[in-house]
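First the structure, in the form of structure tokens, and then the observations on it.
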Amino acid sequence: MTSFALHGIGVSRGIAIGRAQLISHATLEVAHYTIPANRVDAEIERFSNALNEVQRELEALRGTLSADDAPAEVGAFIDVHWMILSDPTISETPRRIIAEQRCNAEWALTQQMNVLGGEFEEIEDPYLRERKADVVQVVERVLKRLLGKPGKIVPISAEQHTILVAHDLSPADIIQFKQHRFAAFLTDLGGVTSHTAIVARSLNVPAVVATHNARQLIRENELLIVDGTNNVVIVNPDKSVLAEYRLKQSELELERAKLKRLKSKAATTIDGEHVDLCANIELPEDLAEAIEVGADGVGLFRSEFLFLNRAGLPSEDEQFEAYRTVAQGMGRPVVIRTFDLGADKQKEGLDGLARVAPNPALGLRAVRFCLAEPKLFLTQLRAILRASRFGKVSILVPMLASVSEIDQTMDMLAQAKETLREQGVPFDPDISVGGMLEIPAAILAVSSFLHRLDFVSIGTNDLIQYTLAVDRSDDAVSHLYDPLHPAVLRLVSMAITAANRAKVPVAVCGEMAGEPRMTRMLLGMGLRNFSMHPAHLLTVKQRVLTTDLREITPIVARMRRSDDPGRLAALLDRLNA
Ligand code: PEP
Ligand code: MG
């Protein structure tokens, strides 16, 4: 077996050594080849066999369900798949395509899936339209059989290490994987701050994205080393490389154990300045990790994750329970971001999101979507208000571009408060409302925002995306996604300075806050509140503890004045020397 290396972008640090498990995707391009006339019948038979196997697989699954007393809808779901599989459009038409076009079965089936997909999109009824996803799932099952990879994801034992290799994973896919133990992730697509990467980090396993063709080059069960820190994947490593990485792995573990000792130490610089280090979470379950590293609070609860991976919407009560759990469990300040749906975090079946936006990142996303769907927004605001009685809760509004969006949000909040008052439900009437500064316009006109808000939080992930016009989830432009771009640094610095002057608390909650290389620069810009994935918190704390503001401030002042990327990089190196 030849050994080779693949390069990508490490989005979650650390080293994992394990066996590849390929995740196939029906939408992935399937190979297309011509079948000689005398092999057509055999190809049709190969297709029939795959269909029969999947049919048996579904029947077996159905059988185990009735024995398990599983909820009725799970059975119904399998029945729908069984029906799709038996429908002539799936079971017959591809046979005709194979015969007529003399093509391979995978190609025939995928072509037919695309035709059906187009027809489903024309359907007006949203329920039926969504069944397109079922067709894709059924086709995927058959494709896996045809390719000889009946792949269902199985939980692994502690000794065995499995590395998921996929063309792409959606944030929702990864959330699903949370229940299983995987050693690492690899994807062909993605960027550093794509939401997929952020969720991968939240699993605290090494991950490398944007490998371009890992999914094609790696075979099932091959031995892999994923080095998320150095952006590299080694396939079939030889003995000496393997030994070297095992050594590195144990060194890293030792380092992690040392960091753990910093948990209850206050984050104070050498010259005595205190810094708040908070955690970003996606679901109430993530709280445990935030507490484990001694976070000063939750600086960003990405509440939209409550909406993903589920049928229907979470009710007011369900949301209230989630927010209360976090507020009470943390016992320290918790910032709940109102949901940031849209762009790459699509929720099926929501009216405003159902159409395909021509440019989702610039479309009806985050606060824009909330204001367009007042019922949904009011439900969330009431749920947050109700939870505000159980801890120090604040509201954070994402993606503000104009102050009118704050005014409209405040009107909605007043309405939500009024409803609760009428119902006699208690809440904190003085709940703080903050805004995310993640669109350059909001920072360029920041004073009007600071007048209206109790605090601000800089979302560097989107700020970089919108400043540099680089889609954060598009691997084709990920090399242009540059947190150290002079324009980005200038905007971050402007926002911190203006907020400090106006005495409005300011935090950074984008990935920049969890990047230890950036800690001193941000401190030098005047930042005293960082919110990041808990996995980075102790490393950042270590940086804070070893920083003397008197030494770094003059270097950061020079960074602020510079527009030259080379000089900026050199000054950053000096800061971290
Ligand atoms: C950001 O944009 O920096 C941010 C923190 O929000 P998200 O990554 O969820 O868009
Ligand atoms: Mg954002």
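When reading the values below, keep in mind they use all heavy atoms of this one structure, side chains included, and skip hydrogens, waters and symmetry mates. Start at 1 and go down the list; that is how both ligands and their atoms are numbered.
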Note: ligand 1 atoms sitting under 4.0 Å from heavy atoms of Arg365 are 10 (O)
Mind telling me whether Phe377 and Phe339 have parallel, tilted or perpendicular rings, with 30° and 60° as the class edges? perpendicular
Here the N/O/S atom of Asp462 closest to the Mg ion (ligand 2) would be OD2
**Min N/O separation Glu304 to ligand 1 under 3.5 Å** = no
For Leu300, the atoms of ligand 1 under 4.0 Å from one of its heavy atoms are 5 (C)
Per-atom filter on ligand 1: closer than 4.0 angstrom to a heavy atom of Arg302 are 4 (C), 5 (C), 6 (O), 7 (P), 8 (O), 9 (O)
| query | Taking NZ, NE, NH1 and NH2 as the nitrogens, is one of them in Glu405 or Arg452 under 4.0 Å from a carboxylate oxygen of the other? | reply | no
To the Mg ion (ligand 2), the closest N, O or S atom belonging to Glu438 is OE1
* Answer yes or no: is there an ion pair linking Arg386 with Asp317, defined by an N-O contact shorter than 4.0 Å? => yes
Next item on the list: Work out whether the distance between some heavy atom of Met436 and some atom of ligand 1 is less than 4.0 Å.
Entry: yes
Yes or no: does Glu282 have any heavy atom under 4.0 Å from an atom of ligand 1? no
Counting from 1 in the order shown, the ligand 1 atoms closer than 4.0 Å to a non-hydrogen atom of Asp462 are 1 (C), 2 (O), 3 (O), 10 (O)
**Asked** Would you find more than 12 non-hydrogen atoms of other residues, nucleotides or ligands less than 6.0 Å from His479 atom NE2?
**Response** yes
- Gln465 side chain vs Arg472 backbone, donor-acceptor pair below 3.5 Å: yes
*Heavy-atom contact under 4.0 Å between Arg472 and ligand 1?*
yes
#### Entry: Any side-chain heavy-atom pair of His212 and His7 under 4.5 Å
no
So the atoms of ligand 1 within less than 4.0 Å of a heavy atom of Asp340 turn out to be 10 (O)
Between Arg337 and Glu304 (salt bridge meaning N to carboxylate O under 4.0 Å), is one present in this structure? yes
Taken to the nearest 0.5 Å, the spacing of Leu480 CG from Ile464 CD1 works out to 12.5 Å
### Message
Polar contacts were defined as any N/O atom of the residue lying under 3.5 Å from an N/O atom of the ligand; does this apply to Glu511 and ligand 1?
### Response
no
In ligand 1, the atoms that come under 4.0 Å of a heavy atom of Cys509 are 5 (C)
Note: ligand 1 atoms sitting under 4.0 Å from heavy atoms of Gly459 are 1 (C), 2 (O), 3 (O)
Report task. Could you tell me whether Arg528 and Asp276 make a salt bridge, using a distance below 4.0 angstrom between a side-chain N and a carboxylate O? Result -> no
